Amino acid sequence: MNKTIGVLGGGQLGRMLAESANRLNIKLVALDKPAAPAKQITAHGAHVDGSFKDPASIRALASAVDVLTIEIEHVDAVVLAEVEAAGTPVHPAPSTIRLIQDKFEQKRHLRAAGIAVPDFVGLESNSMEELARVGDLLGYPYMLKSRKEAYDGRGNFPVSSRDSIPAAQAALAGRPLYAERWCPFECELAVIVVQTSTDTLTYPAVETVHADSICKLVYAPARNISTATAAAASALARRAVASFSGRGIFAVELFLQPSGDLLVNEIAPRPHNSGHWTIEACPLSQFDAHLRAVLDLPLPPSSLLPREPAIMLNILGGAASGAHLALVDAALATPRCSVHLYGKGPGTPGRKMGHITLTAPSMSEASALMAPLVHVADQIAA
Ligand code: ATP
Ligand code: MG
Ligand code: MG
C-alpha cells in the first residue's frame with residue numbers, strides 16, 4: 001500500500017490501528033506526545049510531536065499524509081475543517097467530530113434525528129438553584145455530565161439528592177455541564193458500526209459492564225438478550241450513525257431498559273473499547289475495518305462475523321504502581337487468552353493499561369476461564 005494515514009492522537013487506539021496498518025504496509029503517522037503508545041511500534045521519523053488540539057501541529061500532520069483520521073474526539077475540529085477544505089480528506093467529517101465532542105450537542109442532534117435518548121436538559125449557570133430545579137424536573141438520582149472532554153466517566157457525577165449538589169458542583173467545577181435523567185438499565189449494550197463509502201455495516205451487539213463509570217468487561221455477543229433485541233440494537237445503532245457524515249468506525253453505546261426499549265447513551269466517532277474483542281474473534285478487527293473504510297478499500301461484510309464468542313477484560317492501573325502486572329501474569333498463564341499492553345509505563349489508578357481477550361467455542365467456557373482473572377482484577381482495583 002502506498003498510502004500514508006495521519007492520526008490525531010497516539011494512545012492505545014492509535015497503537016492498535018498502527019498494528020493493523022503495519023500488516024498492510026500502510027504508513028501511519030501519529031500526532032501526540034513524544035513516545036506515545038502508537039509511536040512506540042512504528043519506527044519512522046515522520047511522527048509529529050505536539051497536541052492534537054494545536055492548530056500548527058494539525059496542519060503539519062495534514063501536510064505529511066494522504067488522509068486524516070482520529071483516535072480521540074477531543075481535537076480541534078475547526079482546524080480539521082480548514083485542512084479538509086485545503087484538500088486533505090478527513091474521516092469522519094470534521095462537522096461530525098464537532099457535534100459528537102460536545103455531548104449536549106450530540107444528544108440534541110440525536111433527538112432531532114428521531115433517535116431515542118435519555119431525557120436531558122441543558123444548564124446555564126450550574127448554580128445551586130438551577131441544579132435543584134433539575135432535581136425537581138428529572139427526580140433523584142440524576143446524572144450530571146460534562147459536555148466536553150469526557151472519557152471513562154471522568155466528567156460524570158451522580159447527584160443522589162439535593163444535599164449532594166455542592167459535591168457535584170465541586171467535582172465538575174468550571175466545566176460546561178448538562179443533566180440526564182437516571183436510567184435504571186437492565187444492561188448496557190454497544191454496537192460497532194462501520195460506515196464505508198457505500199455501506200453501513202455492523203458487528204454483533206455486545207454487552208458492556210462498567211464499574212464506577214469505566215468499562216470493565218465486554219461480552220461478545222451480548223448474553224441473555226433476545227434475537228429481537230440484538231437486531232433492534234443493530235438497527236438503532238445504524239440509524240444513529242447514518243445521521244452523521246464521514247467514513248470509519250462509530251461505536252454506539254446503548255441502555256437496555258427493563259421495558260425492553262433501547263436508548264442511545266452516546267456515540268464515539270472512532271474505534272472503541274467495546275470493539276477490542278474483534279481483534280481475536282473476527283477475520284477483520286474494528287481497526288482493520290476502520291483503515292479499510294477510511295482508505296476506501298474492500299470490506300466484505302461477512303468478515304465482521306465472529307468465529308467464536310469472546311470476553312474482553314480491561315487491565316486497569318491498580319491502587320499501587322505496577323499492581324496491574326499481577327493480572328498480566330495470570331492472563332499469560334490462562335488458556336485462550338490474548339494479552340495486550342499499551343506501553344503506558346507503571347500505571348496510575350484506574351488508567352487503561354491494557355486488555356485481555358479470551359475466545360472459546362462457547363460463552364460458558366469463556367466465562368469459566370475468565371472468572372479467576374476477574375477476581376484478580378477486583379483484588380488489584382484502585
Ligand atoms: P466513555 O469512556 O464511554 O466515553 P463517558 O465518560 O463519556 O464514557 P458516559 O458514557 O456518559 O461517560 O457514562 C459512563 C457510564 O456511566 C455509562 O456507561 C453508564 O454505566 C453510566 N451512565 C451514564 N449516563 C447514565 C444515566 N443517564 N443513567 C444511569 N447511568 C448512566
Ligand atoms: Mg464518552
Ligand atoms: Mg460512554
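These numbers come from a predicted model, not from an experiment. Whatever order the structure lists ligands and atoms in, that order sets their numbers, starting from 1.
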For Val117 and Leu263, what are the C-alpha separation, side-chain angles and deciding distance, and is it a side-chain contact (heavy atoms from CB on, under 4.5 Å)? CA-CA 5 Å; Val117 295; Leu263 301 176; 5.8 Å; no

So which protein heavy atom does [atom] come closest to, and at what separation?
atom                    : answer
atom 18 (O) of ligand 1 : Glu188 OE1, 2.6 Å
atom 22 (N) of ligand 1 : Met143 CE, 3.5 Å
atom 13 (O) of ligand 1 : Asn156 ND2, 2.9 Å
atom 3 (O) of ligand 1  : Glu253 OE2, 2.8 Å
atom 8 (O) of ligand 1  : Glu266 OE2, 3.3 Å
atom 2 (O) of ligand 1  : Asp152 N, 2.6 Å
atom 15 (C) of ligand 1 : Ser213 OG, 3.7 Å
atom 11 (O) of ligand 1 : Lys145 NZ, 2.7 Å

Spell out, as yes or no, whether a donor-acceptor pair under 3.5 Å connects the side chain of Gln101 to the backbone of Val75.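 Flag set: sc Gln101 to bb Val75 pair under 3.5 Å.
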
How many angstroms lie between [atom1] in [X] and [atom2] in [Y], if you round to the nearest 0.5 Å?
X      : Y      : atom1 : atom2 : answer
Ser226 : Leu256 : OG    : CG    : 8.5 Å
Glu186 : Leu262 : CD    : CG    : 11.0 Å
Ile249 : Ile192 : CD1   : CD1   : 6.0 Å
Asn156 : Tyr151 : CG    : OH    : 12.5 Å

[X] to ligand 1: N or O pair under 3.5 Å?
X      : answer
Gly155 : no
Trp182 : no
Cys183 : yes

Just to verify, which of Lys103, Arg111, Lys145 counts as forming a salt bridge (Lys or Arg N to Asp or Glu O under 4.0 Å) with Glu180? Lys145

Between [X] and [Y] (salt bridge meaning N to carboxylate O under 4.0 Å), is one present in this structure?
X      : Y      : value
Glu365 : Arg336 : no
Glu82  : Arg59  : yes
Arg15  : Glu71  : no

Which ring pair (Phe, Tyr, Trp, His ring centres under 6.0 Å) pairs, counting each pair once, include a residue from residues 164-213, with sequence neighbours left out?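 Residue pairs with at least one partner in residues 164-213: Phe104-Tyr178, Phe185-Phe255.
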
Among pairs that include at least one residue of residues 309-327, which meet side chain to side chain donor-acceptor pair (under 3.5 Å), considering only residues two or more places apart or in two chains?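 Side chain to side chain donor-acceptor pair (under 3.5 Å) check on residues 309-327 returns Asn273-Asn314.
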
So which pairs with a foot in residues 303-312 pass side chain to side chain donor-acceptor pair (under 3.5 Å), sequence neighbours left out? Glu308-Thr359

Which of the atoms of ligand 1 are close to Gly153, meaning less than 4.0 Å from one of its heavy atoms?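 The atoms of ligand 1 under 4.0 Å from a heavy atom of Gly153 are 5 (P), 6 (O), 8 (O).
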
Mark the output for Phe185 as yes if a heavy-atom distance to ligand 1 is under 4.0 Å, and as no if none is. yes

Non-hydrogen atoms of Pro118 versus ligand 1: any pair closer than 4.0 Å? no

Is Ile214 touching ligand 1 with its side chain, its backbone, both, or neither, if touching means heavy atoms under 4.0 Å apart? neither

With heavy atoms and a 4.0 Å threshold, my read on which part of Lys103 contacts ligand 1 is side chain

Mind listing the protein N/O/S atoms less than 2.8 Å away from the Mg ion (ligand 2)? Waters don't count.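 Checking every protein N, O and S atom gives Glu266 OE1, Glu266 OE2.
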
Candidate list Leu31, Leu8, Asp49, test side-chain contact (heavy atoms from CB on, under 4.5 Å), partner Ser57, passing option: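 So the option named by the test is Leu31.
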
